[in-house]
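Every chain is numbered from 1 and lettered A, B, ... according to where its sequence line falls, protein lines coming before strand lines.
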Amino acid sequence: MAALTLFNSLTRKKEAFEPLDKNNVRLYACGPTVYNYAHIGNARMAVVFDTLTRVLRTLYPKVTYVSNITDVDDKIIAAHRETGQPIETITEKYTKIYNEDMASLGVAPPDIQPRATTHIGEMIKIIEDLIARDHAYAADGHVLFHVPSFPAYGGLSGRSRDEQIAGARVEVASYKKDPADFVLWKPSGADEPGWDSPWGYGRPGWHIECSAMSAKHLGLPFDIHGGGADLKFPHHENEIAQSCCASGHEDDLSAFAKVWVHNGFVTVEGEKMSKSLGNFTLVHDILEDYPGPVIRLALLSAHYRKPLDWTQKRLQEAQRLSEKIADIFGALDAIECDPSVTSADADILAALCDDLNTPLAFSKLNTLLSKIDLAITNPKIPHKTLAELKSILYNSTQILGIGIVDQGVKEEAVDEALQTEIEKLLTERTAAKAAKNFARADEIRDELNKQGIEIIDTPEGPNWRKT
RNA sequence: GGCGCGGUGGCAGAGUGGCUAUGCAGCGGAUUGCAAAUCCGUGUACACCGGUUCGACUCCGGUCCGUGCCUCCA
C-alpha cells in the first residue's frame with residue numbers, strides 16, 4: 001500500500017502522514033462565505049480537498065471530512081443591504097448553488113457541512129473558556145482575544161506579533177488592549193443578525209466559528225486542517241490561538257490540528273482575480289461551456305500548492321484528456337469490468353500519495369491510456385486482460401473524481417428532426433462511399449461540419465458527435 | 001517595510017546530485033478513399049553569477065526578475 005506524504009504548513013516540510021486514529025481519519029477544510037456565486041478559487045479548494053479525501057478513503061477504512069458554510073458575516077449583511085433580500089434567503093440560495101456547482105465538479109458532499117449560525121452556543125462556550133483562562137477580555141460590547149497571552153502566536157505564518165503590528169495598516173480600535181488583539185464577539189445593531197450572549201446582543205467574529213465547528217464534529221486534536229493559502233494569516237493563525245488556548249494547550253500549536261494543508265491561488269489569464277478587474281470567474285458560468293469533469297481536470301492540472309493560472313488553453317487541454325478517456329471507455333464498451341480488481345493504477349495512486357501530485361498522476365494516466373489503447377488494437381491480448389485494464393482505469397478515474405465513465409461524452413440535446421437529418425445524410429454518405437463517389441461523401445462531411453457535426457468513420461460504420 | 005513562494009524546452013507542467021517526465025503545438029513517417037483517432041520517430045529545457053562535488057537543472061551563497069500575504073478574500 002502506498003504511503004501518503006503531505007506538505008505540512010505548520011512545519012514547512014513534507015511529512016509522512018500518520019493518522020491519530022487509523023480507524024477514523026478526520027479533516028476539516030474552511031468552506032465558503034455564502035453571499036455570491038462560487039468562483040473558480042472556491043472550486044479549487046473544494047476540488048483539492050475532495051481529491052485528498054478520496055485518496056484518504058482508499059488508504060483508510062473511515063474518513064470524516066467536515067467543511068463548513070459561513071452564513072453569518074459582514075459581507076452577507078452588505079449583500080442584504082444592497083439587494084434588500086432577507087439574510088436567510090441569500091445564504092440559503094448561495095449554499096444551494098455552491099453545493100450544486102461543486103457536485104457538477106465531482107465534489108462529493110462533505111460528511112458534515114456545518115453552518116456557523118447553528119453553532120453559536122458552541123462559540124460562546126469557547127469564548128467563555130478563553131475569558132476564564134485570561135486569554136480574552138470583554139470591552140465596549142466586544143470580546144477580544146488577547147494575543148500577548150499566547151506567546152506561540154504566529155507560528156503558522158512565521159510572523160511575530162511585533163511584525164504584525166509594524167505591518168498593520170488599519171487603525172487600532174480604542175477598545176483593544178493590544179493592537180494585535182482580534183475580535184471573538186462583536187455587538188450587532190438592531191437591524192443586524194445577532195444572538196443574545198453574556199456580552200449582550202451580538203454576533204461572532206469570523207475565526208471563532210471554525211474553532212467551534214471543527215472541535216464539535218471532529219474532536220481535538222484532529223488530523224488535517226485545510227483551506228486556501230490566503231487563510232493562513234490571520235484566519236488559521238487565530239483559529240489555532242483560540243483552540244489551543246481554550247483547551248489549555250498554550251505551548252503546543254499542533255494541539256488543534258496536526259497537519260495544515262493550504263492550496264495555492266488562482267489567477268485568471270495571468271491576472272489576479274478581482275472585482276475591479278472584472279475578471280471574477282464564476283464556476284456557474286464556466287459550467288455553461290464545459291462539463292464539470294473537464295473543469296475539475298483543469299483545476300488539478302497544476303500541483304495544488306502552486307499558483308494556477310486559469311486560461312482557455314488549460315480548459316481545452318483538459319477537454320482533450322477528458323475526450324481521450326471517454327474514447328477509451330467507448331472502445332471498451334463491450335467489456336465488463338473485472339470485479340476482482342479493486343485498486344487504481346499503482347503509479348497513479350503513488351503520485352497522488354506523494355503530496356497529492358495530480359500533474360504527475362495525469363502523466364501516469366496518459367501512460368495507462370496508451371497501454372490500454374495498444375491492448376485494444378492487439379488481437380493477441382486476452383479478453384480478461386482488457387477487463388482488468390478497464391477496471392484499473394475505472395478505479396483510477398474514480399479516485400481522481402473525474403466520473404467520466406458515468407457521465408459519458410457530454411450529451412447535448414440534439415432535436416429529433418436534426419438527428420433524423422444526420423442519419424439520412426450518413427446513410428447517403430455510406431452509399432456514396434460504397435459507390436466510390438468520394439466527392440459526394442466529402443460534400444456531406446463538409447455539410448455536417450458546418451452544422452457542428454463531426455463524422456468519425458469506424459470499422460462498424462460512421463459515428464458522429466457535436467463539436 | 002515585514003513574512004513567504006517561484007523562475008524548467010514554442011506553451012502547459014512534474015521531477016531528480018550522474019539514468020526518457022508527461023501533455024499540447026511543430027516536423028517526418030505508418031494507417032485511412034479523404035478525415036478523425038491511434039501508432040512510430042523527432043527537440044544541445046532547466047533565469048544569472050559564484051561555491052561545494054569526480055559530477056548540479058537538482059545542494060549552498062549572492063544577483064536579477066516575477067508573484068502571494070501583511071486589510072474582506074479560497
Side-chain angles (χ1 to χ4, degrees), chain A residues 9 12 29-33 35-36 38-49 67 70 73-76 78 154 156-160 162-171 206 226-235 237 262-267 270-275 280 297-298 301-303 305-309 311 313-314 316-321 323-324 327-328 330-331 351 354-355 357-367 369-370 372-374 376-378 432-434 436-439 441-443 445-446 449 454-459 462-465 467:
Chain A
S9 302
R12 270 158 246 183
C30 294
T33 303
Y35 66 105
N36 200 346
H39 59 246
I40 193 67
N42 293 311
R44 188 181 195 191
M45 169 264 148
V47 165
V48 163
F49 288 99
S67 187
T70 298
D73 183 276
D74 288 358
K75 291 190 293 291
I76 300 172
L156 177 65
S157 55
R159 221 178 283 261
S160 76
D162 293 341
E163 283 160 358
Q164 192 200 347
I165 296 162
R169 287 183 213 148
V170 282
E171 208 176 308
W206 171 37
D230 58 315
L231 295 182
K232 213 187 273 186
F233 185 89
H235 183 56
E237 202 70 81
H262 291 99
N263 64 274
F265 248 49
V266 180
T267 55
E271 284 188 307
K272 184 180 165 156
M273 184 164 60
S274 75
K275 280 172 186 153
F280 226 72
L297 281 170
S301 65
H303 184 82
R305 277 192 283 121
K306 292 219 170 170
L308 176 87
D309 192 26
T311 61
K313 188 165 186 285
R314 185 185 290 281
Q316 278 155 6
E317 286 200 14
Q319 179 126 45
R320 294 279 305 201
L321 179 56
E323 281 165 6
K324 207 160 149 180
D327 285 349
I328 291 286
D354 183 10
D355 195 29
N357 192 337
T358 50
L360 186 60
F362 289 146
S363 148
K364 302 301 183 187
L365 178 62
N366 268 305
T367 307
L369 290 171
S370 298
I372 295 175
D373 200 79
L374 277 177
I376 290 170
T377 48
N378 185 346
K433 277 172 66 180
K436 304 251 184 250
N437 183 359
F438 296 123
D442 289 349
E443 206 175 277
R445 179 194 291 285
D446 289 344
N449 264 340
E454 185 188 11
I455 299 174
I456 302 138
D457 285 324
T458 73
N463 250 328
W464 62 272
R465 68 175 174 200
T467 51

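One cannot find a donor-acceptor pair under 3.5 Å joining the base of B:rC5 and the side-chain atoms of A:R305. Scanning atom types as modelled, no donor and acceptor separated by under 3.5 angstrom connect the side chain of A:D373 and the base of B:rC39. For A:H39 against B:rA74, a side-chain-to-base donor-acceptor contact under 3.5 Å is present. Applying the 3.5 Å distance criterion, the base of B:rG33 shares a donor-acceptor pair with the side chain of A:D442.
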*Mind running side-chain hydrogen bond (donor to acceptor under 3.5 Å, both in side chains) on A:N366 and A:K324 for me, showing each step along the way?*
CA-CA 9 Å; A:N366 268 305; A:K324 207 160 149 180; 3.0 Å; yes
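Comparing B:rC34 with B:rC57, their C1' atoms sit 46 Å apart, to the nearest whole Å. With both ends at atom P, the span from B:rC70 to B:rA37 equals 46 Å, rounded to whole Å. The separation of B:rC46 from B:rG28, taken at their C1' atoms, amounts to 27 Å, rounded to a whole angstrom.
Pairing for B:rA12 is with B:rU22, a Watson-Crick or G-U wobble pair whose two hydrogen-bonding atom distances lie under 3.5 Å. Across all strands shown, B:rC39 pairs with B:rG29; the Watson-Crick or G-U wobble distances both stay below 3.5 Å. Summarising the base pairing, B:rU63 is matched to B:rA47 through a Watson-Crick or G-U wobble pair whose two defining distances lie under 3.5 Å. Shown here, B:rG1 forms a base pair with B:rC70; the pair counts as Watson-Crick or G-U wobble because both key distances fall under 3.5 Å.
In this structure, A:D457 reaches the bases: a heavy-atom distance under 4.0 Å links it to at least one base atom across the strands shown. A:T267 comes within 4.0 angstrom of nothing in the nucleic acid, heavy atoms only. A:I40 comes within 4.0 angstrom of nothing in the nucleic acid, heavy atoms only. Nucleic acid contact class of A:R314 (heavy atoms, under 4.0 Å, all strands): sugar-phosphate only. The residue A:T311 sits apart from the nucleic acid: no heavy atom pair falls under 4.0 Å. Counting non-hydrogen atoms under 4.0 angstrom, A:K313 reaches a base of the nucleic acid. When heavy atoms are screened at a 4.0 angstrom cut-off, A:G228 is found touching the sugar-phosphate backbone but no base atom. Base engagement by A:L360 is indicated by at least one non-hydrogen atom pair under 4.0 Å involving a base atom. Contacts of A:V266 with the nucleic acid, taken as non-hydrogen atoms under 4.0 Å apart, include base atoms.
When rounded to the nearest whole Å, the span between CZ of A:F265 and C1' of B:rC70 equals 13 Å. The interatomic distance linking A:L308 (CG) with B:rU67 (P) rounds to 17 Å, in whole Å.
In this structure, the side chains of A:E317 and A:S301 stay at 4.5 Å or more apart for every pair of heavy atoms.
Ring pair A:W206/A:H235 is parallel by interplanar angle, where below 30° counts as parallel and above 60° as perpendicular.
Between A:W464 and B:rA36 there is no side-chain N or O to OP1 or OP2 distance below 4.0 Å. Dashed line: the shortest gap from a side-chain N or O of A:K433 to OP1 or OP2 of B:rU32 is not under 4.0 Å. OP1 or OP2 of B:rA14 lies within a sub-4.0 Å distance of a side-chain N or O belonging to A:K306.
Checking A:D309 against A:F438, the closest nucleotide of RNA chain B that is more toward the 5' end is the one next to A:D309.
Among the nucleotides B:rC72, B:rA74, B:rG23, the one closest to any side-chain atom of A:N366 is B:rG23.
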